[in-house]
*Asks:* 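Just passing along the structure, written as structure tokens.
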Amino acid sequence: MPVAYRFALLAAAVLIAALLSLTIGQRSDVGLGNVLQLLFIDDGSLARSAVVDLRLPRSLIAALVGINLGLAGLALQAVTRNPLASESVLGINQGAALGVALGLVFPGLLIGNLDTMAIVGAVVAGAVTFGIAGGLGGRLDSMRLILAGVTVGAFSFAFVRFTFTLEDNLSRLVLSWTSADISAARFDQALPLVFWAAGGLLISSFMAHSFNILALGDGASQGLGVDPRRLRFIGAMLAAVLTGASVAAAGPVMFVGLVIPHLCRLWFGSNHRLLVPAVALGGAGLVLFADVVSKLVRFPYETPLGVICALIGAPYFLFATLRARHMA
Amino acid sequence: MSAVTHTATPPRTALRGLVLLVALVVLVIVAALWSLSVGAVPIPTQTIVNTLFNLDGEQQTYIIMKSRLPRMVLALLAGGALALSGSIIQAVIRNPLASPNIIGINSGAALFALVLVLVFPEIPQVWMPLAACIGGLTAAAFVMVVAHYRNLSAIHLALIGVAVGFVFEAGVDYLLIVSNDSESSAPMIWLTGSLWGRTWAHVTISWVPLVVLSAVALLLSYRLDLIALGEATATGLGLNVPRQRLLLLLVATLLASVSVAVVGVMGFIGLMAPHIARRLVGGSHRLMLPVAALVGMLLVVLADGIGRAIAPPIEVSAGIIAALIGAPFFIYIMLTTTSEQDS
Amino acid sequence: MFNRAILAALAGAIMLAVAPLAQAVEIKHDLGTTEVPDAPKRIVVLEYSFVDSLAAVGVAPVGIADDDTRGSIVPAYTAVIGDDWKSVGTRKSPSLEVIASLQPDLIIADTSRHEAIYGALSEIAPTIVFDSLTGTYQVALEAAKTIAHAVGKDAEMAARLAEHEKKMEGFKAEIGDVSAWSAQFIVDNGEGIFLHSPVSYNGSLLAWFGFKNNMPTPDGHTYEEAIVKTSLEQLSEINPQLILRGKYADPGLTDSWVGQPLYDNVTAVKTGNVFDVNAHEWSRLRGVIASETSGANLVEIVKNLKQ
């Protein structure tokens with residue numbers, strides 16, 4: 001199937017997921033029949049308010065988180081040359097959760113607000129992981145990277161879990177935050193994400209060609225005029241920032257950065273020039289789909305997005321590792 | 001690969017190792033006694049002695065005999081077991097970042113225990129340890145089955161273990177959210193690795209398996225050295241490597257599962273203790289394993305004591321304290337060893 | 001032979017005379033049956049509702065799990081039990097050592113919270129366990145009765161409960177017929193709102209006063225959970241006519257929703273029938289005395305209900 005058709009299919013899937021995400025919810029007066037009408041025509045009804053004031057920002061955040069995390073995963077996989085690298089495996093997500101948990105339990109430690117704590121946590125966790133794995137300078141042992149990431153993630157999450165044993169209200173706050181509950185999403189949370197997603201897309205497209213070259217190996221890259229060290233640094237920073245921004249807006253969402261690039265590679269090949277838009281679309285579609293599932297699984301009660309993504313992504317990760325041929 | 005000699009260790013190194021071993025034993029005993037005296041109710045040494053030997057004078061029977069003593073014993077047993085488990089796994093997977101966490105044992109144990117408590121609340125919680133054990137074994141069994149049927153590299157095995165762990169973790173998170181029982185503390189506290197509420201009953205169900213398995217692990221330390229030489233060399237020396245790997249992993253899994261069953265998820269001991277031991281006495285497993293076990297005991301006993309003393313009447317889980325003590329140390333070690341030192 | 005019989009009788013009489021006067025009371029509770037010593041003096045309680053039960057009959061516990069916050073024991077209780085009790089830590093994970101150091105002769109714990117340490121608690125002192133966290137109003141009253149029996153204050157509790165019933169019936173009469181009103185108690189912690197379903201303490205209390213409840217039943221029959229996290233959309237579907245709001249954070253999440261059509265159009269919001277109540281008192285205390293406070297609150301609220 002020609003590439004253009006594949007993109008069209010993917011885009012269609014994303015649109016369907018978005019539509020479903022806007023249609024499904026607890027209110028009974030919004031259905032597939034009238035959702036588009038409600039979206040575009042202001043009839044002042046409560047149904048319209050449900051669609052535009054509640055579901056739209058939420059779907060928007062879901063889609064943007066998907067784009068950001070997908071691109072972050074793609075960048076990480078490109079610079080580590082390991083198809084199994086992702087923000088969840090490298091402990092970045094969990095580090096963000098730790099940042100927020102610390103901010104909630106010790107309000108004195110708060111730097112700025114909870115969102116900032118999330119980004120700080122993400123970046124610190126990422127830095128520690130990369131440091132343990134051999135540093136950004138020296139040889140990056142990808143095996144060590146993943147194990148380091150899992151360890152850093154486990155460390156972070158142990159403390160987060162500990163906060164569940166404290167006072168009731170505190171534990172509820174931490175729990176709801178760390179499971180990425182976007183049911184109370186607002187437009188002003190979505191706006192910064194638009195900025196990050198746009199920036200991420202731009203930078204990723206710019207670097208697509210370099211990523212292609214990096215895949216050939218460090219030596220070859222240098223021969224072709226691409227500095228692997230600099231590229232790794234930029235890629236890692238891009239991933240950390242995109243992840244941090246997503247975590248700040250929605251909470252830690254796992255495995256998107258792993259599943260989507262992996263799937264897209266199967267369908268679109270390894271040319272990053274194609275992968276970047278594919279991953280962006282695919283990421284949006286996956287998280288939108290997860291949003292739909294999160295509303296349906298225990299209807300009429302919601303299951304947080306983070307939990308659903310983990311339930312989808314973890315088995316896929318297992319499947320991917322079982323199938324993997326070489327471990328870079 | 002770490003430089004390891006398998007001919008007779010030079011007398012100096014052996015002496016040094018022995019001295020360290022003895023020093024550690026002394027440290028462990030001191031720490032254990034210290035842990036009897038700290039907590040929400042500080043107890044002076046004289047009272048401890050009175051209570052332990054039933055002498056005249058002030059006694060604190062419940063706290064010493066029924067609360068701190070069983071906790072201390074469990075801390076020693078579990079600390080040693082987890083350290084041994086971690087050492088074995090690191091040797092078999094041939095990567096110093098491996099731990100019982102890595103093969104998904106902790107997550108499997110957590111999931112099964114939580115399923116018991118949250119999905120079948122009619123079953124009394126006293127069965128939680130058994131459920132945890134089965135869960136841990138299931139997770140590890142998956143890895144071991146895959147290892148048996150497909151000849152995979154250690155790296156690949158570790159990754160599969162990581163993935164298995166994630167799957168179980170996802171299940172744990174789902175249960176925590178869905179059950180609404182975040183109010184009930186026991187599963188939560190247990191998930192962070194804690195000796196809160198542990199009694200002699202817990203010691204009774206676990207001391208035999210833990211002691212026996214620990215002994216087996218120590219006896220197998222020689223084979224770990226062989227495996228560390230590399231698959232080709234080990235096979236050349238007459239070792240059936242895949243079978244040995246399986247056996248060792250089984251022992252390590254059981255050690256970790258039984259520990260998790262009684263003290264909860266405390267995976268960092270299995271990660272940090274072997275490293276510290278390696279820094280102290282080098283990589284020869286004959287010496288390293290007992291040293292690691294002692295370090296593990298020390299870590300858990302200290303962590304439990306500190307957790308009790310730090311903010312009474314609130315108790316901070318031993319698992320958290322251990323992670324907090326160990327994390328900076330561990331990061332330092334990792335940052336100062338290069339990639340060349342693992343295979 | 002005759003002498004032997006007299007000797008036996010004498011021995012028996014002497015034995016009866018010196019037999020310990022203190023007898024144990026058999027108490028049946030959620031986790032079995034426990035022998036509690038007669039008239040225990042040193043009682044440790046691990047939930048607020050048990051403080052309530054003891055305060056209702058004038059007994060002061062020596063230890064309370066107060067989440068490390070002395071202020072959480074409200075004046076209504078401290079007026080009766082004084083201020084001499086010791087904190088044993090959080091309700092979630094009380095310190096066994098502190099409990100033991102108080103040398104209690106009775107421990108009262110919560111079923112869901114403390115089942116896992118029931119064994120350990122029983123080693124310290126006889127322990128009885130009731131469902132405070134997820135129990136209804138009726139369950140709370142039953143527990144109070146059993147607790148009173150355990151501490152040897154049956155008569156006092158019977159009198160207190162009679163008084164309680166009179167008070168509550170009085171409130172009910174003042175409130176009148178509210179069967180047309182759907183009332184909902186919600187907790188707002190700044191990040192989410194939690195609705196108390198009809199199987200919760202507050203849900204059942206409101207039902208007792210005659211209010212109806214609009215919460216959907218997922219399986220069509222019964223509620224499983226006492227406390228349910230809810231979204232704005234869901235709240236707009238449930239659409240209660242009266243909202244009793246307990247805030248744990250100020251401003252709450254509901255405050256940020258003002259201005260949103262979906263929130264503004266919830267009947268309770270539209271008609272101005274959102275009333276703030278003390279979250280701690282309504283949500284956490286769950287007992288005889290506490291329900292009277294809630295009842296008094298409700299009377300005031302109903303007076304201010306706008307049609």
*Asks:* With a 3.5 Å distance limit and no angle check, can you tell me whether B:Trp196 reaches the backbone of C:Pro94 through a side-chain donor-acceptor pair?
*Replies:* yes
*Asks:* Do C:Glu97 and B:Ser67 touch side chain to side chain, with heavy atoms closer than 4.5 Å?
*Replies:*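 With C-beta onward as the side chain, the pair touches.
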*Asks:* Could you state the interatomic distance from CD1 (B:Ile314) to CG (C:Asp68), rounded to the nearest 0.5 Å?
*Replies:* 4.5 Å
*Asks:* By a 4.5 Å heavy-atom criterion (distance strictly below it), what part of B:Arg68 contacts chain C: side chain, backbone, both, or neither?
*Replies:* side chain
*Asks:* More than 12 heavy atoms of other residues, nucleotides or ligands under 6.0 Å from CH2 of B:Trp34: is that the case?
*Replies:*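 Check passes, neighbour count above 12.
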*Asks:* Once you round to the nearest 0.5 Å, how far does NZ of B:Lys66 lie from CG of C:Leu96?
*Replies:* 12.5 Å
*Asks:* Can you give me the closest heavy-atom contact between B:Gly197 and C:Ala120, atom names plus distance?
*Replies:* O-CB, 4.1 Å
*Asks:* Got a sec, which pairs hit side chain to side chain donor-acceptor pair (under 3.5 Å) with one end in residues 253-262 of chain B, sequence neighbours left out?
*Replies:*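 Every pair satisfying side chain to side chain donor-acceptor pair (under 3.5 Å) with a residue in residues 253-262 of chain B: there are none.
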*Asks:* For a 4.5 angstrom cut-off between non-hydrogen side-chain atoms, does B:Ile63 reach C:Ser101?
*Replies:*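 They are in contact (side-chain heavy atoms under 4.5 Å apart), so the answer is yes.
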*Asks:* Just to verify, what does C:Ser231 make a side-chain contact (heavy atoms from CB on, under 4.5 Å) with, not counting sequence neighbours?
*Replies:* A:Gln26, A:Ser183, A:Glu302, C:Glu233, C:Gln234
*Asks:* With a 4.5 angstrom heavy-atom cut-off, which part of C:Ser87 approaches chain B: side chain, backbone, both or neither?
*Replies:*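 Interface part for C:Ser87: both.
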*Asks:* How long is the straight-line distance from CD of C:Gln103 back to OH of B:Tyr62, given to the nearest 0.5 Å?
*Replies:*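 Here the interatomic distance stands at 13.0 Å.
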*Asks:* Using non-hydrogen atoms only, which part of C:Val88 is less than 4.5 Å away from chain B: side chain, backbone, both, or neither?
*Replies:* backbone
